[in-house]
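All remarks here apply to the structure that follows.
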Amino acid sequence: MADDEGKILQSVISIAQTLLLQEKDKAPITPALIAEKVGVAAGLVQAGPEHGDAAIAELVRRFSLWIGQDSTLVDVEGHVPWLVASRKKDWRYWQRYQTWLERKMSTTAVDGLDKSTDKILGLLEDPMREGSWDRRGLVVGHVQSGKTGNYSGLVCKAADAGYKIIIVLAGLHNNLRAQTQIRFEEGFLGYETPVSGDSVKPIGVGEIDSDSKILPNCATNRTNTGDFNTKVAQHYSISPEQRPWLFVVKKNKTVLERLLKWIRNHVADATDNATGRRFVSNLPLLLIDDEADHASVDTGEQLFNADGTPDAEHEPKAINSRIRKILHGFAKSAYVGYTATPFANIFIHRRGATTEEGPDLFPQAFIINLAAPSNYVGPARVFGLWSPEGRAGGLPLIRDVLDHTDREGAGGWMPPKHNKEHIPLHEGRDEVPPSLRKAIFSFILACAAREARGQGAQHSSMLVHVTRLNLVQREVHRQVEDVVKRMRQRISRRVDHEVLLAELEALWKDDFEPTCAEIARELPDADGARIPFWDEIAAALPDVLSDIDVRMINGTAKDALDYADQRAKGLKVIAIGGDKLARGLTLEGLCVSYFVRTTKMYDTLMQMGRWFGYRPGYIDLCRLYTTGDLVEWFGHIADASEELREEQLTDT
């Protein structure tokens with residue numbers, strides 16, 4: 001779909017949703033009422049029937065959404081309740097973020113986010129409260145369930161309430177830091193962070209309210225060298241009267257040490273008489289720790305004295321130490337960790353502390369377990385749950401991979417054990433195995449089907465995760481790129497294309513049509529998307545193949561996929577990576593995954609589960625190509641996760 005076509009569709013959805021919300025208290029929102037309001041909206045913007053059909057399908061999904069209740073464990077000792085309605089009436093950062101979200105999400109989801117972030121913020125301390133205070137909490141979400149959106153909303157509200165310094169720890173690698181920076185530019189800053197000399201370009205919330213009086217300051221930018229820099233920071237002047245400052249930084253020893261020294265030398269305004277430690281007395285700090293179970297936890301064992309007091313001379317691990325020193329450098333501080341795998345954080349000793357670092361990162365104040373919306377596709381939905389009759393309830397999206405190794409499992413295209421010199425060969429030929437070729441075909445068909453459903457302007461991604469070694473990834477990238485290039489040439493030039501088209505048609509009719517029909521029966525309220533005809537798929541193939549980009553993801557900021565830059569027409573990307581791709585980085589519109597890495601570590605498996613998340617209007621087009629062992633291990637994880645959440649809900 002062309003750029004202007006996508007804008008027309010969004011206009012129809014936006015206008016119709018506004019009209020429906022006006023009717024919400026008068027009558028139930030039914031498919032018939034949705035169709036009526038879409039007809040009105042389509043007439044106003046002169047949209048065609050194809051826009052109307054796509055808008056109706058999207059709005060039916062939005063108004064079918066429901067969200068459960070978050071569960072919470074709270075310690076109120078030392079806490080003063082403060083968040084009341086009167087404090088929120090003049091909040092502008094949240095107001096524009098809320099408006100921006102409502103353009104692309106259901107009001108139910110936005111309302112759920114509003115309530116959830118109110119709960120979290122209210123359990124922190126009032127930034128206007130006098131004296132010293134320290135609150136630390138943990139938010140547990142599902143993998144790929146919108147944790148970034150949640151803490152973006154929390155940051156907006158915290159800035160509205162009066163928090164002045166906001167630090168976001170955004171993973172260990174440049175690409176995740178850059179992606180998080182871009183998310184905050186869209187959702188909080190309202191402008192692209194400029195490199196020196198560049199003009200400021202309004203984006204995201206800045207297109208809703210760009211009043212220069214409220215624009216937050218930012219000490220980092222989206223470039224490859226955009227992390228915190230001491231030379232640049234020396235020119236910053238921070239005072240309590242100024243707008244809030246945002247720092248999006250890696251969890252890296254050197255970067256955190258730089259930030260710590262700058263805080264002590266340029267922001268601190270007071271000295272502890274007993275220890276000589278410099279600290280900030282007048283500026284409240286909010287520190288958000290994304291993937292809080294990773295690198296933040298002190299893995300060294302702290303000893304305790306006979307009376308139960310902690311050994312004050314204990315030396316924590318580097319990153320844990322610097323995070324704690326930053327928090328300890330503020331008289332007023334709040335720490336919120338976000339994770340999908342909370343076990344390491346929960347087992348931090350609640351009384352751990354040192355003279356230099358202050359208390360450890362145990363979530364003393366609260367633990368909140370976020371409820372997943374009804375359209376979230378998690379492990380239980382993908383793999384099903386165990387019952388006495390066997391595993392049941394999983395969606396028919398998994399396809400077995402058996403040809404990535406030879407029969408003995410020690411050789412072949414991608415054996416479990418290989419070194420950086422490994423050349424991936426299938427039966428001695430420099431090419432991908434048939435299973436990966438079929439997975440690539442499935443991704444192309446999924447993109448074409450989304451075009452036929454009016455979703456062509458939305459992002460579509462494929463994940464290829466087969467090795468942690470960069471040199472081997474490079475070979476896989478070359479082979480995958482060769483498959484796509486050959487398909488593009490044959491389809492676009494219509495030379496020797498008949499066999500290829502017949503192969504794609506067989507995959508569509510034998511796999512996609514029956515799977516789409518089965519999922520429509522199993523999830524009648526979750527999707528409702530029509531099954532395109534083969535002629536529609538075939539017509540979309542040349543443009544789809546022309547748009548597909550094959551990328552390697554190795555951890556640099558330039559690897560941060562430019563979804564924001566391709567917002568108008570949608571990015572179609574095949575992302576090839578290893579550990580740098582496994583944790584935190586979001587692949588928007590993920591349709592197909594090819595995953596054969598071998599690991600049994602619980603948190604590693606969970607974080608590699610990039611295919612969990614939201615798939616509105618295309619869950620039936622998604623495919624997971626993986627091994628039987630991985631399906632079995634993930635099935636156990638689905639059972640354990642569901643059991644843990646049920647226990648937390650029971651205990652709350």
Side-chain angles (χ1 to χ4, degrees), residues 139 141-152 154-155 166-189 192-193 218-229 246-256 259 287-297 319 322-323 336-341 459 461 463-465 468 470 473 551-566 571 573 575-590 593 597 603-613:
V139 178
H142 302 257
V143 176
Q144 296 288 290
S145 63
K147 293 188 295 295
T148 307
N150 188 284
Y151 64 66
S152 294
L154 177 61
V155 164
I166 299 166
I167 299 172
V168 179
L169 305 180
L172 273 70
H173 304 295
N174 284 324
N175 56 5
L176 181 53
R177 193 212 69 82
Q179 185 181 67
T180 305
Q181 176 86 32
I182 292 169
R183 293 284 187 86
F184 273 100
E185 290 174 10
E186 292 178 323
F188 175 54
L189 297 176
E192 283 190 10
T193 44
C218 189
T220 52
N221 66 60
R222 62 165 65 188
T223 66
N224 199 30
T225 56
D227 212 331
F228 182 77
N229 184 299
L246 175 69
F247 301 75
V248 182
V249 300
K250 288 194 302 295
K251 276 193 266 192
N252 172 279
K253 174 184 174 182
T254 303
V255 173
L256 293 175
L259 181 55
L287 192 150
I288 302 288
D289 187 359
D290 193 12
E291 307 290 351
D293 61 303
H294 195 42
S296 301
V297 178
I319 291 176
R322 282 152 183 82
I323 294 172
V336 184
Y338 279 77
T339 182
T341 49
H459 304 305
S461 303
L463 162 68
V464 179
H465 189 113
R468 64 180 181 81
N470 289 354
Q473 290 171 28
R551 304 271 188 92
M552 271 186 68
I553 309 297
N554 281 329
T556 62
K558 62 188 177 187
D559 290 330
L561 298 168
D562 49 346
Y563 293 111
D565 296 337
Q566 302 292 331
L571 185 67
V573 63
I576 297 164
D579 293 341
K580 307 297 190 299
L581 187 57
R583 180 179 277 271
L585 192 72
T586 298
L587 294 174
E588 296 194 21
L590 182 60
S593 297
R597 271 290 302 281
D603 81 311
T604 305
L605 280 168
M606 284 294 286
Q607 292 299 341
M608 287 178 176
R610 299 293 87 185
W611 51 84
F612 305 137

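Rounding to the nearest 0.5 angstrom, the gap separating the OG1 atom in Thr220 from the CZ atom in Phe184 is 10.0 Å. Between Thr180 atom OG1 and Asp290 atom CG the span is 6.0 Å, to the nearest 0.5 Å. Taking CG of Asn174 as the reference point, atom OG1 of Thr223 lies at 9.5 Å (rounded to 0.5 Å). The CD1 atom of Ile182 sits 10.5 Å away from the CG atom of Asn221 when rounded to the nearest 0.5 Å. Here the CZ-CG distance, from Arg177 to Leu169, works out to 12.0 Å after rounding to the nearest 0.5 Å. Interatomic distance, CD1 of Ile553 versus CG of Leu176, reported as 11.5 Å (0.5 Å rounding).
Between Tyr151 and Tyr338, the ring-plane angle classifies as perpendicular under the 30° and 60° cut-offs.
The two residues Gly337 and Ala292 have their closest heavy-atom pair at CA-CB, 3.7 Å. When all heavy atoms of Val248 and Asp227 are compared, the pair lying nearest together is O-OD1, 3.8 Å. In terms of heavy atoms, His459 sits closest to Leu571 at ND1-N, 2.9 Å.
The main-chain N or O of Glu588 is found under 3.5 Å from a side-chain atom of Ser461 such that the two form a donor-acceptor pair.
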Check against side chain to side chain contact (heavy atoms under 4.5 Å, CB included), Glu185 and Cys218 | CA-CA 9 Å; Glu185 290 174 10; Cys218 189; over 6 Å; no

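For Asn252, the side chain to side chain contact (heavy atoms under 4.5 Å, CB included) partners two or more places apart in sequence, or in a different chain, are Lys250, Thr254, Val255. Evaluation of the side chain to side chain contact (heavy atoms under 4.5 Å, CB included) rule for Ser296 yields Lys251, Asp289, Ile323, Leu361 as partners, not counting sequence neighbours.
Side-chain contact check for Lys147 versus Val139: every heavy-atom pair is 4.5 Å or farther apart.
Remark: Arg222 does not engage Glu186 in a salt bridge, criterion side-chain N to carboxylate O under 4.0 Å.
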